[in-house]
Number of protein chains: 2
Amino acid sequence: MSQHRPGGLSELPEATVARLPEYLRALHGLAEAGHDTVSSEGLATAAGVNSAKLRKDLSHLGSYGTRGVGYDVALLIEQIEYVLGLTQHRAVALVGVGNLGHALAGYAGFATRGFRIAALFDADPAQIGEVISGLTVHHIRELPRIAAEESISIGVIATPAGAAQAVADQLVAVGVTGILNFAPCVLSVPEGVDVRKVDLAIELQILSFHEHRKAAAGSAGPTASLTALPGGMAGNGASGGNQEAVGS
Amino acid sequence: MSQHRPGGLSELPEATVARLPEYLRALHGLAEAGHDTVSSEGLATAAGVNSAKLRKDLSHLGSYGTRGVGYDVALLIEQIEYVLGLTQHRAVALVGVGNLGHALAGYAGFATRGFRIAALFDADPAQIGEVISGLTVHHIRELPRIAAEESISIGVIATPAGAAQAVADQLVAVGVTGILNFAPCVLSVPEGVDVRKVDLAIELQILSFHEHRKAAAGSAGPTASLTALPGGMAGNGASGGNQEAVGS
DNA sequence: CGCGATTTGTGCACATCTTCACAAGCGCCT
DNA sequence: AGGCGCTTGTGAAGATGTGCACAAATCGCG
Ligand SMILES: NC(=O)c1ccc[n+]([C@@H]2O[C@H](COP(=O)([O-])OP(=O)(O)OC[C@H]3O[C@@H](n4cnc5c(N)ncnc54)[C@H](O)[C@@H]3O)[C@@H](O)[C@H]2O)c1
Ligand SMILES: NC(=O)c1ccc[n+]([C@@H]2O[C@H](COP(=O)([O-])OP(=O)(O)OC[C@H]3O[C@@H](n4cnc5c(N)ncnc54)[C@H](O)[C@@H]3O)[C@@H](O)[C@H]2O)c1
């Protein structure tokens, strides 16, 4: 047969990488439910995607499905965990144990899904020394020492936006090359460092757009255009001129 | 001139919609810094995107930039807020005030970016009646009454995964058509209801993949292939046969 | 041993998104 | 008034992602 040579990790399409964790979660669920094998259709449903897409995704890993049967659940879990680099539980540093940081520090999903919170950091003297879920909060200035001891590879930033860039710089300085940023700001990092951002407000605003769109479609008919645009005169009088986009 | 007819909200590419909130955040920063106008290059940098992409995105809104000058900051803020439906502060219901829910309930970014937490819900009798950031926690069974009073349009789910689908069903039943789900599970909802999901573990796993990839490239040269694949024999002996994908 | 039922893997066409490159438009300065 | 430099808006090409539809492979069964 083709043998296909899985190529390199670099050849995995980014969109596929983003879905593998979802497949993994679904597979763990299936394994707990006692399934030994699963069809692409079954797994696709559990993961909320199209089955053809799922098959194509899995084929990129060199895929060990069996025609007429499906995929071996345990084997597939192992494959995906390997590809994602989860076989070693990576050490994660969490910086900023405020409102959100406390919740994250106590989150069980860290450990159960391939990670280990290795250390907590903050800059506020009042927080230093506090123990959260068995972990002591260290001053951020201890980051270099602890990063070396624990071989931190991923950093999570849960500080206010104003401090995020400075924290990112410090993380990069101690060798962290993957950052998950909860602060609502753009981080600038050297090439080779990956940043992913989670912003609650952005998610809500995207939902809001769809609410708005649905409402407009309902009230103004299927051809609804940008009705009642704020026009141009509000902020400043300049550039006025031509905003007759109203009503239609 | 072209006049371009902004078409409808429906014509905005989804990728563009997902970036508008980021532009909006950057614009607010620029406004506070005292800028009246901004070039596509400047705004693109502040938002962390390519300037051509930004211009194309803005052109979809009918865009009122001025050649040779740039965009009027205040006007653009207004335009984007209108398109995203933020001119009315939407009412949000938060269900599940555990670890994460507490952090979300106390999050100031809700209010400052176009939303109003209208009510908190939980199922745990121990939580009912508690006041968090000025809001009382209600029993989930009061959802219908309160949803009607407050005209909730968006629901946030911060319950354990096992309860998420039931909560989603209840939200949909009271007319919510936009859901932000923090529970690690797939929600099934009727057509017309939008679900967005935030999963911390998935983000970390994607970062982990890139760490893994970078490490492999470094140690095994640029042509690094899926070295040391777990092989095929672990889960079960079946389907063995042809896993000589090792080394090569 | 062969056949039919089932399910994978993938070629292909289509859709969406990104990026470049540049003409057209605008304001400022002389 | 005219020219110049700057910036937008967009056509076109390429890259990436999606989904259909079907041949190929495998299993179970008679
Ligand atoms: N709370 C939420 O639900 C929520 C949701 C989405 C996003 N966010 C974002 O997450 C971030 C944290 O939110 P929060 O509500 O936990 O804020 P917070 O103010 O409660 O906590 C911030 C913590 O960061 C620490 N800190 C400040 N500067 C630091 C530095 N230089 N180094 C180390 N630690 C530092 C502070 O001492 C504090 O403990 C913010 O950027 C916020 O916008 C929060
Ligand atoms: N804590 C985190 O940092 C974090 C991070 C990412 C994702 N999550 C996810 O967010 C969710 C909540 O996490 P958590 O740590 O806050 O959990 P938690 O157990 O602390 O809180 C869950 C809350 O939901 C309530 N609840 C349970 N069933 C309910 C129902 N049917 N209706 C209404 N309320 C109900 C519980 O009473 C509890 O207060 C989980 O799915 C978790 O996986 C948490």
Side-chain angles (χ1 to χ4, degrees), chain A residues 1-7 10-20 22-23 35-73 75-76 79 232 236 238-242, chain B residues 1-7 10-20 22-23 35-73 75-76 79 232 236-242 245:
Chain A
M1 56 113 61
S2 63
Q3 177 55 23
H4 179 247
R5 182 94 64 75
S10 337
E11 294 178 17
L12 278 183
E14 195 54 36
T16 295
V17 172
R19 282 187 294 265
L20 290 179
E22 196 67 54
Y23 301 157
H35 291 74
D36 289 333
T37 63
V38 64
S39 70
S40 64
E41 191 64 39
L43 182 52
T45 302
V49 303
N50 175 301
S51 71
K53 184 153 53 178
L54 179 133
R55 287 198 297 277
K56 190 157 290 184
D57 283 342
L58 295 187
S59 78
H60 285 117
L61 338 161
S63 179
Y64 291 92
T66 308
R67 294 170 194 228
V69 177
Y71 299 89
D72 182 281
V73 172
L75 176 57
L76 199 48
Q79 288 259 326
N236 66 344
S239 99
N242 60 353
Chain B
M1 56 115 51
S2 63
Q3 177 54 20
H4 178 246
R5 183 95 63 73
S10 336
E11 295 178 16
L12 278 182
E14 196 53 36
T16 294
V17 172
R19 282 187 295 265
L20 289 180
E22 195 68 54
Y23 302 157
H35 292 73
D36 289 333
T37 63
V38 63
S39 69
S40 64
E41 191 63 39
L43 182 53
T45 302
V49 303
N50 176 301
S51 71
K53 184 153 53 177
L54 178 131
R55 284 198 298 277
K56 189 153 287 187
D57 284 341
L58 294 187
S59 78
H60 285 119
L61 338 162
S63 179
Y64 292 93
T66 307
R67 294 169 195 229
V69 178
Y71 299 88
D72 181 280
V73 172
L75 175 56
L76 199 48
Q79 288 260 325
N236 67 344
S239 98
N242 60 353

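Chain letters run A, B, ... following the sequence lines, proteins first, then strands; residues in each count from 1.
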* Choose from dG9(D), dT8(C), dT18(C) the nucleotide whose nearest atom is closest to any side-chain atom of S40(A). =>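 Closest nucleotide among those given: dT8(C).
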### Query
The side chain of S39(A) lies closest to which of these nucleotides: dT8(D), dT8(C), dC27(D)?
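Of all the options, the side chain of S39(A) is nearest to dT8(C).
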query = Hey, is the side chain of R67(A) pairing donor to acceptor with the base of dT7(C) inside 3.5 Å?
reply =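 Answer no: no donor N or O sits under 3.5 Å from an acceptor.
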- Task: Kindly say whether, by distance alone, the side chain of K53(A) makes a donor-acceptor pair under 3.5 Å with the base of dG17(D)?
- Result: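 When only heavy-atom distances are counted, K53(A) does not reach the base of dG17(D) through any donor-acceptor pair under 3.5 Å.
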According to a strict under-4.0 Å criterion, is [X] in side-chain N/O contact with OP1 or OP2 of [N]?
X	N	value
N50(A)	dG17(D)	no
T66(A)	dT8(C)	no
Y64(A)	dT26(D)	no
R19(B)	dT18(C)	yes

Next on the checklist: Both A52(A) and E14(A) contact DNA chain D. Which one's nearest nucleotide lies toward the 5' end?
Outcome noted: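 Comparing both residues, the 5'-ward one is E14(A).
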#### Entry: Closest-nucleotide ordering on DNA chain D, the 5'-leading residue of R55(B) and K56(A)
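Closest to the 5' end, via its nearest nucleotide, is R55(B).
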Spacing of [X] atom [atom1] relative to [N] atom [atom2], expressed in whole Å:
X	N	atom1	atom2	answer
H60(B)	dT8(D)	NE2	P	16 Å
D57(B)	dT8(D)	CG	P	14 Å
D72(A)	dC27(D)	CG	C1'	15 Å
L58(A)	dT10(C)	CG	P	12 Å
L54(B)	dT18(C)	CG	P	12 Å
Y71(A)	dT6(C)	OH	C1'	13 Å

Heavy-atom side-chain contact between [X] and [Y] under 4.5 Å:
X	Y	value
V49(B)	D57(B)	no
L20(B)	L61(B)	yes
L58(A)	Y23(A)	yes
L76(B)	L43(B)	yes

- request: Tell me, with the steps shown, if D72(B) and Y64(B) meet side chain to side chain contact (heavy atoms under 4.5 Å, CB included).
  value: CA-CA 8 Å; D72(B) 181 280; Y64(B) 292 93; over 6 Å; no
